[in-house]
Amino acid sequence: MASMLMNPIRSCSVSSSWAVRFGARSLSTTAQLQSQVQTKSKKTLARPGVKNIVLVEGVRTPFLLSGTTYADLMPHDLARAALQGLLKRTGIPKDAVDYIIYGTVVQEVKTSNVAREAALGAGFSDKIPAHTVTMACISSNQAMTSSVGLIAAGQCDAVVAGGVEFMSDVPIRHSRKMRKTMLSLNKAKTLGQRLSLIGSIRLAHLSPELPAVAEFSTAETMGHSADRLAAAFGVSRVEQDEFALRSHTLAKKAQDEGLLQDVISFKVPGRDIVSKDNGIRPSSMDQMAKLKPAFVKPHGTVTAANSSFLTDGASAVLVMSEEKALAMGYKPKAYLRDFVYVSQDPKDQLLLGPTYATPKVLERAGLSMSDIDVFEFHEAFAGQIMANLKAMDSDWFAQTYMGRKSKVGTPAMEKFNLWGGSLSLGHPFGATGCRLATAVANRLKKEGGQYGLIAACAAGGQGHAMVIEAYPQ
Amino acid sequence: SASARGSSKISAYTKKYYCNLSHSLIAVFSFLAHKHISFEYKDDVAVIRFNDPASKVNKQSLQLHEFADVLGDIWLYRSSKSVVLVSGKPGCFLCWSRYMLQSCTTSEEVASLCEEAQKLFRRIEQSRVPIVAAIHGSCLSRGLELATACHYRIATKSKETVLGTPEVMLGLLPGAGGTQRLPKMVGLLGAFDMLLSGKNITADEAKKMGLVDQLVDPLGPGLKSPEERTMEYLEEVAVGVANDLANKKIPLTREKKLWDAVTGLGPVRKIIYSTVTKRVQKQTKNLYPAPFQIIECVKTGIEHGSNAGYLAEAQSFGKLVMTSESKALIGLHNGRLLCKKNRFGPPEKEVKKLAILGAGLMGAGIAQVSVDKGLTSILKDTTEDAISKGYEKVYKSFDTKVKKKAMISFERDAIMSNLSIQTDYSGFESADMVIEAVFEDLNIKHKVLKEVEAVTPPHCIFATNTSALPVRDIAAASKRPEKVIGIHYFSPVDKMQLVEIVTTDKTSKDTLAAAVSVALKQGKIVVTVKDGPGFYTTRCMGCLLMESLRLLQEGVTATKSDFLATSFGFNVGPFAVTDEVGVDIGLHISEMLCKAFGSRYKGGSLEIVKTMLEKGLKGCKSGKGFFLYGKTKSVNPEVEEILKNHQVTAPSAISSEYDMQYRLLSRCINESLMCLQEGIIQSPLEGDIGAVFGYGFPPMHGGPFRFVDTFGAERLVSLMKRFEDVYGNQFTPCQLLLDHTKDPSKRFYQSSPSLLQY
């Protein structure tokens with residue numbers, strides 16, 4: 001905290017824009033920009049009358065397997081770490097932010113508006129309002145697009161969006177009957193009433209309610225649905241294991257090469273400094289083939305090795321209007337352009353969000369699949385990604401279920417999730433969206449592309465996609 | 001083809017052994033191309049697909065022979081290490097259809113057909129090559145028997161997948177080893193439960209019972225239609241399992257459940273046999289032979305060995321096929337299927353939005369069977385209290401399903417979102433059909449009809465739910481009589497399968513088509529009748545009550561006269577029915593019918609019922625009617641008291657139990673025939689369906705018309721003449737019945753029913 005406070009506070013009184021441009025310094029300070037690839041000359045997606053909104057910077061805590069180093073924290077601690085990391089990285093004055101939005105899925109009841117608790121703890125001015133959103137695995141996407149909305153509407157100029165998920169501790173409740181008895185006990189006036197209430201407790205009332213990653217509407221767990229989805233698209237176990245292995249291998253490579261610049265170091269109280277994701281474990285096909293199916297038994301294909309794992313982690317991005325960013329002397333990383341949300345049948349099409357969202361957002365931006373230089377798709381399950389790829393490659397699916405004349409087309413794999421994905425880096429539900437956006441921004445810069453696309457599926461049969469454009473170098 | 005493979009490997013012994021088999025069973029058919037099954041190898045697994053190109057369901061008769069042919073080849077040439085049986089048709093594994101019974105005239109012929117199937121299934125059971133049944137869709141009767149003969153069963157969890165042995169409902173038993181194999185598979189109690197109830201078992205239940213070994217989830221949209229891909233997936237999983245069975249990765253022996261082991265103990269078995277027999281006696285009143293035969297076959301198989309069991313099964317099947325009970329039940333089954341088809345074509349405008357007036361038991365019941373079929377429904381009544389109760393009733397019916405895990409809460413909520421409760425007429429301007437279930441009073445009906453017509457669009461149909469008021473009288477107040485129709489629901493609406501749809505001379509064809517399509521959508525069996533007092537079922541039921549009242553006056557207790565009816569096969573006696581419907585409603589209807597039909601409809605004195613009402617004996621709803629409804633049902637002494645003033649001496653010549661029974665029966669049969677004669681009903685078939693499903697005519701007699709065919713018109717008329725001598729025109733046989741007497745060859749049904757559809 002102290003070190004954060006001592007960061008030099010930038011003067012904001014720059015008046016002319018050319019001066020800003022000259023004075024702008026890259027916030028991606030360190031040496032990662034070894035080789036600046038020349039940006040291809042593509043048109044900008046800027047539209048008259050539409051405000052340019054930029055992603056200035058994005059950070060995240062290391063994503064850890066739940067129950068590891070973060071085990072004794074609380075969700076807002078993680079969110080706070082991400083916020084502090086963002087403050088440190090950007091050096092933005094603590095009162096220069098207009099609003100803070102956080103996404104989360106499994107809520108700690110004590111900090112249900114985790115955005116506010118984290119913001120207070122991160123040292124932001126207590127005059128900055130904060131709210132929490134939830135939209136399953138696209139919660140932080142929603143936090144980002146809400147920020148975009150606030151800025152586009154002219155209500156804010158600088159918003160911090162983020163997401164946090166903490167699976168090391170989830171609320172486990174008493175049974176409904178027990179809760180009812182306990183609440184009645186509070187209201188009981190006489191000893192007799194209390195005793196009779198206590199007497200009404202049965203052994204069965206003591207069994208707790210555990211949260212499950214299951215759809216409320218269908219009672220089906222997501223892994224089970226993913227297995228059925230993979231089967232529906234004829235995705236084999238080998239294909240899934242291969243994709244999972246690819247994800248881990250690419251993540252390892254990116255980690256080793258220092259490409260995961262969005263990761264900040266986090267000194268966990270009472271524990272060591274954490275500075276690396278710990279779920280990246282490239283295995284071998286043979287090893288993976290040994291695992292038994294985790295959901296559909298005994299003939300299923302989704303296993304622990306080809307699914308994303310329960311993860312603790314938080315992310316944060318600074319979103320600003322371009323004018324404001326420039327006025328404050330920032331060199332933004334990327335423009336946040338068109339985005340869409342889609343939703344479909346939560347039973348049989350639970351995880352097909354990317355298939356539906358991708359063509360919609362591309363059409364909106366006037367782009368085609370081949371225009372996109374960088375893809376970052378959320379990898380909930382290898383089977384889910386493969387199913388989406390097959391769905392996008394199928395004329396029949398496009399015609400039958402999407403009302404399109406022909407198939408969507410698939411992203412080129414040499415542009416797809418090149419720095420690993422949720423399968424390997426981890427998937428803290430509420431935090432993944434910001435990781436995807438930041439990864440696209442960083443990859444565009446590194447690879448010299450102009451357009452990036454993020455897409456994700458989410459519980460409830462929902463999905464999201466957003467086009468991100470590189471900020472001119 | 002199979003014969004190309006490994007023919008050289010075959011040893012002399014197996015050749016001889018299997019050639020004998022193929023000669024005895026399949027030689028005749030082996031020269032035929034396989035029309036009804038297809039066959040391919042997937043590595044070491046032979047996949048056999050049943051697929052009848054000509055029919056919606058897979059019929060077993062021809063397939064079995066081709067199947068035996070293919071299996072024979074596999075056994076003979078050892079061309080595969082395992083076999084998968086799967087249907088090439090979505091929604092049906094293998095169903096029983098026609099048993100080729102039409103060509104059989106003796107029970108011996110039928111029994112020998114059974115033995116042939118038994119033999120094949122026993123070969124399958126003993127096959128050294130493991131056989132896996134992959135089940136998607138209905139797997140009933142012979143389909144289930146085939147599946148149980150296999151070594152491993154995989155079923156989809158689809159809602160369409162049901163397993164069961166419904167033969168008992170047709171007065172038969174599973175004749176290809178079902179009574180022998182099931183006890184070994186699901187235990188003695190489980191087997192009796194399946195065989196005696198004939199109920200459909202879902203895949204999940206089947207897995208729990210041990211009837212199915214593995215479940216496969218149905219798939220959603222993918223690269224093919226969900227249905228097609230699910231079938232493929234099932235086959236893929238089955239092929240995997242077949243490989244594992246052949247490689248001994250999956251053992252063929254099953255762990256026996258402790259419970260099944262206990263029920264398999266000698267003394268325990270004896271207790272089970274006697275308990276089950278007693279229960280069946282109580283439930284069937286010894287009127288149905290099939291359940292007893294089933295118990296006997298199971299018992300023989302267990303106590304005296306399989307060979308004796310199989311023999312008993314085949315012979316019992318042969319006997320049962322020839323019984324009048326079975327013919328009657330099969331006739332009903334076929335009739336029911338016909339009455340579930342729309343014979344009037346689609347209406348010009350599909351009914352999508354219903355409005356129901358009256359949120360009482362009837363109205364709420366109608367809403368309940370509508371909202372879950374996607375019909376948006378308004379439930380309107382005059383008070384908040386009434387609509388709240390109505391809503392609660394509908395909600396509860398679905399919530400019970402949620403608690404039983406037959407539905408998820410989300411489905412319940414989505415269904416309930418189709419229901420809107422209100423006390424005003426808002427939204428009626430977009431209603432396609434209004435069904436009124438208000439009190440049975442012509443003035444009230446006229447009032448609501450006018451109110452409704454003032455707010456509904458011109459195309460809106462007004463359906464009146466009345467059990468006795470003539471629809472034309474109700475329609476008299478209408479501006480659009482062509483849009484007025486009667487739909488007579490029975491209470492409780494969700495349980496009673498029948499509706500009578502009543503047309504007047506003015507009702508348009510399109511209105512009829514729309515009403516029929518709505519009733520069918522609601523899952524009902526539809527009988528169409530012409531307008532007239534009491535329509536069809538109420539009219540026939542009414543004379544049963546009138547005659548029962550007379551018995552009461554002649555000193556027969558209410559319990560006894562109800563017993564006379566139930567021991568003949570009625571589900572409930574006339575007095576119990578009246579108490580249930582309400583004594584006031586019973587009186588109302590009886591008075592109206594007596595007025596309409598005059599002296600010939602009379603029987604006992606309605607004064608008794610009037611006095612009962614004065615004393616507040618309204619039936620179940622007031623806790624007392626003809627019976628007292630406390631912890632147990634007993635005769636109401638207050639009624640006995642009233643009867644003292646109405647006693648009549650019983651005529652000794654026609655007061656034997658037999659005569660009393662036929663006095664009850666002949667009147668309602670005569671009335672049924674009269675309805676056909678007058679054109680109230682259109683066909684004997686609809687008459688039989690209406691009688692059985694509407695007023696509980698004994699199913700094993702197949703309905704009044706089939707009863708006349710079986711019992712003999714002449715015999716019935718001679719009985720009635722004796723009753724006529726004493727009571728006069730109430731027992732005068734109608735012209736149609738007399739016509740049948742004059743020409744003994746005349747029949748309501750020309751041929752005895754066969755299992756044409758299933």
Side-chain angles (χ1 to χ4, degrees), chain A residues 176 214-221 223-237 292-293 295-302 344-352 355-356 383-384 386-403 407 410 459-461, chain B residues 84 132 134 136 152-159 203-204 207 212-245 247 249-251 401-417:
Chain A
R176 181 77 188 249
E215 282 297 298
F216 182 72
S217 62
T218 61
E220 186 181 24
T221 62
H224 196 278
S225 190
D227 204 315
R228 288 197 303 115
L229 185 74
F233 283 93
V235 180
S236 70
R237 168 78 181 265
K292 287 198 168 143
F295 302 99
V296 173
K297 293 164 188 172
H299 52 270
T301 52
V302 173
Q344 53 282 329
D345 167 27
K347 183 164 178 23
D348 289 332
Q349 304 199 35
L350 182 69
L351 305 170
L352 284 180
T355 299
Y356 284 91
Q384 165 259 332
M386 296 310 292
N388 272 286
L389 294 178
K390 293 200 180 199
M392 291 163 101
D393 198 29
S394 162
D395 283 325
W396 187 83
F397 186 85
Q399 285 154 4
T400 315
Y401 293 102
M402 299 176 71
K407 64 188 179 188
T410 48
Chain B
V84 167
V132 177
H136 176 62
Y152 202 87
R153 282 150 299 280
I154 304 174
T156 62
K157 277 202 237 177
S158 158
K159 277 186 177 164
D204 279 312
K207 174 80 169 60
V212 158
D213 301 289
Q214 191 173 323
L215 295 179
V216 168
D217 289 284
L219 302 179
L223 298 179
K224 289 175 182 169
S225 79
E227 187 74 53
E228 193 184 350
R229 178 62 194 141
T230 300
M231 301 274 293
E232 251 181 34
Y233 182 50
L234 171 69
E235 194 179 300
E236 286 165 17
V237 173
V239 167
V241 167
N243 265 322
D244 287 351
L245 282 170
N247 301 332
K249 274 192 202 159
I250 298 175
K401 285 192 179 166
V402 172
K403 287 192 176 128
K404 285 182 184 161
K405 301 209 167 147
M407 181 182 272
I408 56 174
S409 61
F410 177 78
E411 286 176 275
R412 174 200 62 203
D413 298 344
I415 289 170
M416 287 308 289
S417 71

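Since the structure is predicted, the reported quantities are computational estimates derived from the model, not experimental observations. Quick note on labels: first sequence line is chain A, next is B, and so on, each numbered from 1.
- Heavy atoms only, all atoms of each residue included: D348(A) and P221(B) are closest at CB-CD, 3.4 Å.
- Shortest non-hydrogen contact noted between A231(A) and Y233(B) is CB-CE1, 3.5 Å.
- Within the 4.5 angstrom heavy-atom criterion, no atom of T230(B) approaches chain A.
- Options V237(B), L219(B), L215(B) differ in how many heavy-atom pairs under 4.5 Å they form with chain A, and the most are formed by L219(B).
- Only the side chain of Y401(A) comes within contact range of chain B, with at least one heavy atom under 4.5 Å from a heavy atom of that chain.
- Annotation: K207(B), atom NZ; neighbour count of heavy atoms from other residues, nucleotides and ligands within 6.0 Å does not exceed 12.
- The candidate with the highest count of non-hydrogen atom pairs below 4.5 Å against chain A, out of G220(B), S225(B), G222(B), is G222(B).
- Both the backbone and the side chain of V216(B) come within less than 4.5 Å of a heavy atom in chain A.
- H299(A) and E236(B) are not linked by any side-chain donor-acceptor pair at a separation below 3.5 angstrom, with hydrogens and angles left out of the test.
- Side-chain atoms of R228(A) come within 3.5 Å of backbone atoms of P218(B) as a donor-acceptor pair (strictly under, hydrogens ignored).
- Taken from CZ in F216(A) to CD1 in I408(B), the straight-line distance is 9.0 Å, to the nearest 0.5 Å.
- Taking all atoms of both residues into account, the shortest heavy-atom contact from W396(A) to L223(B) is CE3-O, 3.5 Å.
- Note that CD of E411(B) is 9.5 Å distant from OG1 of T218(A), once rounded to the nearest 0.5 Å.
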